[in-house]
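Throughout, numbering of the chain's residues begins at 1 and tracks the sequence.
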Amino acid sequence: IHHRKHSKTIVLVWHRELKKAKPSRKLTFLYLANDVIQNSKKKGPEFTKDFAPVLVDSFSHVSSESDENCKKHLERVLAIWQERMVYENNFIDQLKQLLSTEKKAKKRTFEQIQEEEDDDYLSNSTPKEPPETQDLIKSLQELENAASGDAAVRQKIASLPPEVQDVSLLDKITDKDSADRLSKTVDEACMLLADYNGRLAAELEDRKQLARMLADFIRSQNEILAEKEHKLEVRKFF
């Protein structure tokens with residue numbers, strides 16, 4: 001929101017990363033857009049305006065790779081936009097129409113890859129079939145290269161000049177060349193931050209999915225242990 005001047009660049013990066021994201025992460029990108037759009041409406045119209053041209057393609061893209069439960073979440077977002085008059089009704093109706101388009105069934109349902117929107121999702125979720133051990137190991141290994149552990153990117157962000165974050169320092173710019181250089185630096189910083197934020201959001205979903213997998217795996221192992229202990233007790237009587 002603080003970089004409204006560079007909203008077009010940020011939206012383009014968001015749209016590009018949405019297309020590249022795994023199906024399990026695409027809804028997260030739209031939730032991120034929803035948060036930015038609604039905050040932008042309160043503090044400045046730039047993001048709300050610049051997101052509009054890519055939303056049709058974005059909703060169409062996500063809808064084509066989602067199941068019915070995921071679509072319900074998207075419909076809820078659109079209902080909120082309509083209620084709060086974020087966009088014109090005819091535009092929202094166009095987005096709703098995209099969600100009603102038929103699509104082929106997916107191998108994995110939304111329930112398997114997307115958590116319920118509450119903090120105690122583990123305790124309230126319905127137990128599923130435990131994951132295979134190799135799948136669990138693979139998920140753990142994938143997190144070894146997660147965004148939060150990317151020291152190189154975090155160093156780049158930490159090394160950004162203070163002018164990128166502190167608007168009060170803009171008063172020190174006295175010539176056009178300095179302004180152009182700073183504008184280029186800010187554009188690059190916005191792209192870097194948007195990309196990293198997208199990766200962090202995706203990592204968060206991966207960690208939540210892994211937590212569910214671990215919970216199901218532990219539950220399964222406890223059930224197996226209880227069954228074997230019961231058999232052992234029975235054999236003591238024979």
Side-chain angles (χ1 to χ4, degrees), residues 1-37 39-40 43-44 46-47 50-51 54-55 57-58 61-62 65 108 113-115 119 121-122 131 133-173 177-214 217:
I1 300 300
H2 297 295
H3 298 289
R4 294 194 298 270
K5 180 181 176 183
H6 304 278
S7 58
K8 289 184 178 179
T9 301
I10 294 173
V11 169
L12 289 175
V13 173
W14 173 88
H15 189 230
R16 182 193 69 200
E17 294 302 315
L18 169 71
K19 291 293 193 71
K20 291 163 54 179
K22 295 179 181 179
S24 60
R25 299 172 177 174
K26 294 185 187 294
L27 183 62
T28 303
F29 274 82
L30 283 177
Y31 278 159
L32 175 63
N34 171 57
D35 183 65
V36 172
I37 288 169
N39 279 289
S40 174
K43 302 178 182 179
E46 291 85 355
F47 279 102
D50 291 334
F51 262 108
V54 303
L55 284 177
D57 181 67
S58 300
H61 173 72
V62 175
E65 300 194 12
R108 300 178 66 211
I113 59 177
Q114 185 69 40
E115 63 150 352
D119 293 331
Y121 61 92
L122 281 178
T133 304
Q134 58 266 31
D135 292 335
L136 195 57
I137 293 173
K138 182 180 178 182
S139 295
L140 287 166
Q141 290 175 334
E142 287 177 349
L143 282 176
E144 291 179 359
N145 298 317
S148 61
D150 194 334
V153 173
R154 286 191 283 109
Q155 181 59 40
K156 285 183 180 180
I157 294 173
S159 301
L160 290 172
E163 292 82 1
V164 173
Q165 306 177 47
D166 191 349
V167 294
S168 65
L169 298 177
L170 296 177
D171 295 336
K172 296 182 179 180
I173 298 177
D177 288 341
S178 298
D180 289 342
R181 285 195 298 271
L182 179 59
S183 178
K184 182 180 179 181
T185 301
V186 171
D187 282 341
E188 292 172 351
C190 286
M191 294 184 70
L192 175 65
L193 291 170
D195 180 72
Y196 191 55
N197 283 337
R199 291 175 58 200
L200 286 173
E203 179 188 340
L204 179 60
E205 290 305 312
D206 284 345
R207 290 189 180 278
K208 289 175 179 177
Q209 183 175 348
L210 177 59
R212 291 193 298 276
M213 292 172 66
L214 286 169
F217 185 79

Identify, with sequence neighbours excluded, every residue that meets side-chain hydrogen bond (donor to acceptor under 3.5 Å, both in side chains) alongside D206.
R25

With rounding to the nearest 0.5 Å, note down the distance linking [atom1] in [X] to [atom2] in [Y].
X	Y	atom1	atom2	value
I10	F51	CD1	CZ	8.5 Å
D50	T9	CG	OG1	9.0 Å
L143	Q209	CG	CD	10.0 Å
L200	L204	CG	CG	9.0 Å
L27	L32	CG	CG	11.5 Å
L160	Q155	CG	CD	10.0 Å

Which heavy-atom pair separates K26 from L18 by the least distance, and what is that distance?
NZ-O, 2.8 Å

On a heavy-atom basis, the closest approach of N39 and D35 is ND2-O, 2.7 Å

Please identify each residue that fulfils salt bridge (Lys or Arg N to Asp or Glu O under 4.0 Å) with K22, with sequence neighbours left out.
none

Strictly by side chain to side chain donor-acceptor pair (under 3.5 Å), give each pair with a member in residues 134-148 just once, sequence neighbours left out.
S148-E203

Do the rings of F29 and W14 sit parallel, tilted or perpendicular, given the 30° and 60° boundaries?
tilted

